[in-house]
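Since the structure comes first, as structure tokens, the remarks are kept for the end.
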Amino acid sequence: MPELPEVETIRRTLLPMVKGRVVTDVSVFYPPITPDGPDVVKDALAGRTITDVRRVGKHLVLVLGDRVLLVHFRMEGRFFIRKTTHESKHDHVAITLDGIDHLVYNDTRKFGRMLVRDNPGYMDVAPLSLLGPEPAFADPKRIWKTLRSKTIAIKTALLDQHVMAGLGNIYVDETLFASRIHPLKSSKTLTRKDVGTIVKEATRVLDEACALGGSSIRTYTDALGVHGRFQNVLNVHTKAGEPCPTCGQTIIKTVVGGRGTYVCERCQKK
DNA sequence: CCCGTGCCCTGGCGGC
DNA sequence: TGCCGCCAGGGCACGG
């Protein structure tokens, strides 16, 4: 499940492999991946050169001069560089590079999406214009004001990309554990100091995960066979039944906002 | 506007 | 061993 660190790892891996290369063809095998229609993606990419690979929240941004391709991997999307366009039944889009090989989008669950936007200007229109700041650039006071107006659980609020961008289920659990705040705590009851802690810990957790190449728990491995190592340093996520690293209390698994949630009921206060 | 629910999709797993 | 049913999960549409 690519969250910010996984997408950043994909970005770093992909950049030297695609920068400067010309897209000579685009094949779409599963059209819903391209909700505006396969032809929109084909017309935008074909004949253009990939000039950069960026990341905004969990979105990967392929820059091709005056167009960008926004890629959201959702649960299990990934890229491979392949000699064939469609060797797996989960290969849904093939972007041919220099007529030689293919940047293949593979997604078991078919949840991922690709959108075309203009460059410049793509940050000023949906979906990227709707994203909150990434934790590293967030103003805690502004986030506190946003959270204060919400009645929902803090975990649910932190998963909302309009509040802050980049956190997913894994890193929200880790952030709240590090902040010693219970995922069910109501957003509106958080103090400014609480929110300052959350923003700081979210930034640290994401930074550390990026440095380790992200996580690759469950079925997810990121682009091109690179395997993240962050799952080796998770404190609570997936740790049900194991002792809390801080106090020894058994970590429990519960459900918050429909998401599997791991928590130390002793360390994390409601 | 805000919030909760259901949907998309398929591999994996529990139950029998 | 094999089959069936159920479930996870990010983001969005929809309805109250």
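Phosphate contact (OP1/OP2 of C:dG11, side-chain N/O of A:Q161, threshold under 4.0 Å): present. At the phosphate of B:dC9, neither OP1 nor OP2 sits under 4.0 Å from any side-chain N or O atom of A:K89. Remark: A:K150 is in phosphate contact with B:dC3, judged by side-chain N or O atoms under 4.0 Å from OP1 or OP2. Residue A:R109 places no side-chain N or O under 4.0 Å from the OP1 or OP2 atom of C:dA8. In terms of phosphate contacts, A:H72 brings a side-chain nitrogen or oxygen within less than 4.0 Å of OP1 or OP2 of C:dG11. Put simply, A:H90 has a side-chain N or O that comes within less than 4.0 Å of OP1 or OP2 on B:dG11.
Ring pair A:H92/A:Y30 is tilted by interplanar angle, where 30° to 60° counts as tilted.
Separating the CD1 atom of A:I152 from the C1' atom of B:dC2 is a distance of 9 Å, rounded to the nearest angstrom. Look at CD1 on A:I170: it is 13 Å from C1' on C:dG10, rounded to the nearest Å. Rounded to whole Å, the distance from CG on A:D107 to P on C:dG9 is 16 Å. Protein atom CG of A:L184 is 15 Å distant from nucleotide atom C1' of B:dG4, rounded to whole Å. The distance between atom CG of A:L70 and atom C1' of C:dG10, rounded to the nearest whole Å, is 16 Å. Residue A:K188 contributes atom NZ, which lies 19 Å from atom P of B:dC1 at whole-angstrom precision. One interatomic measurement links the two molecules: CG of A:D160 to P of B:dC1, which rounds to 14 Å at whole-angstrom precision. B:dC8 atom P lies 18 Å from atom CD of A:E76, rounded to whole Å.
Remark: C:dC4 base-pairs with B:dG14; criterion is Watson-Crick or G-U wobble with both hydrogen-bond distances under 3.5 Å.
Remark: ring of A:F111 overlaps the six-membered base ring of C:dG10 in a stacked fashion, centroids less than 5.5 Å apart, planes less than 30° apart.
Salt bridge absent: A:R11 and A:E6 never bring a charged side-chain N and a carboxylate O closer than 4.0 Å. Electrostatic pairing of A:R67 and A:D118 counts as a salt bridge here, judged by a charged N lying under 4.0 Å from a carboxylate O.
Taking the side chain as every heavy atom from C-beta outward, A:I50 and A:V63 never approach each other to under 4.5 Å.
Residue A:T151 is in sugar-phosphate contact alone, with no base atom involved, counting any heavy-atom pair closer than 4.0 Å across all strands shown.
The side chain of A:R74 lies closest to C:dC12 when the candidates are B:dG11, B:dC9, C:dC12.
Residues A:S149 and A:R259 both approach DNA chain B. Their nearest nucleotides, taken by heavy-atom distance, put A:S149 toward the 5′ side.
Side-chain atoms of A:R113 stay outside donor-acceptor range of the base of C:dG11, with no qualifying N/O pair under 3.5 Å.
Counted within 6.0 Å of CZ on A:R82, heavy atoms from surrounding residues, nucleotides or ligands total more than 12; the atom is thus considered enclosed.
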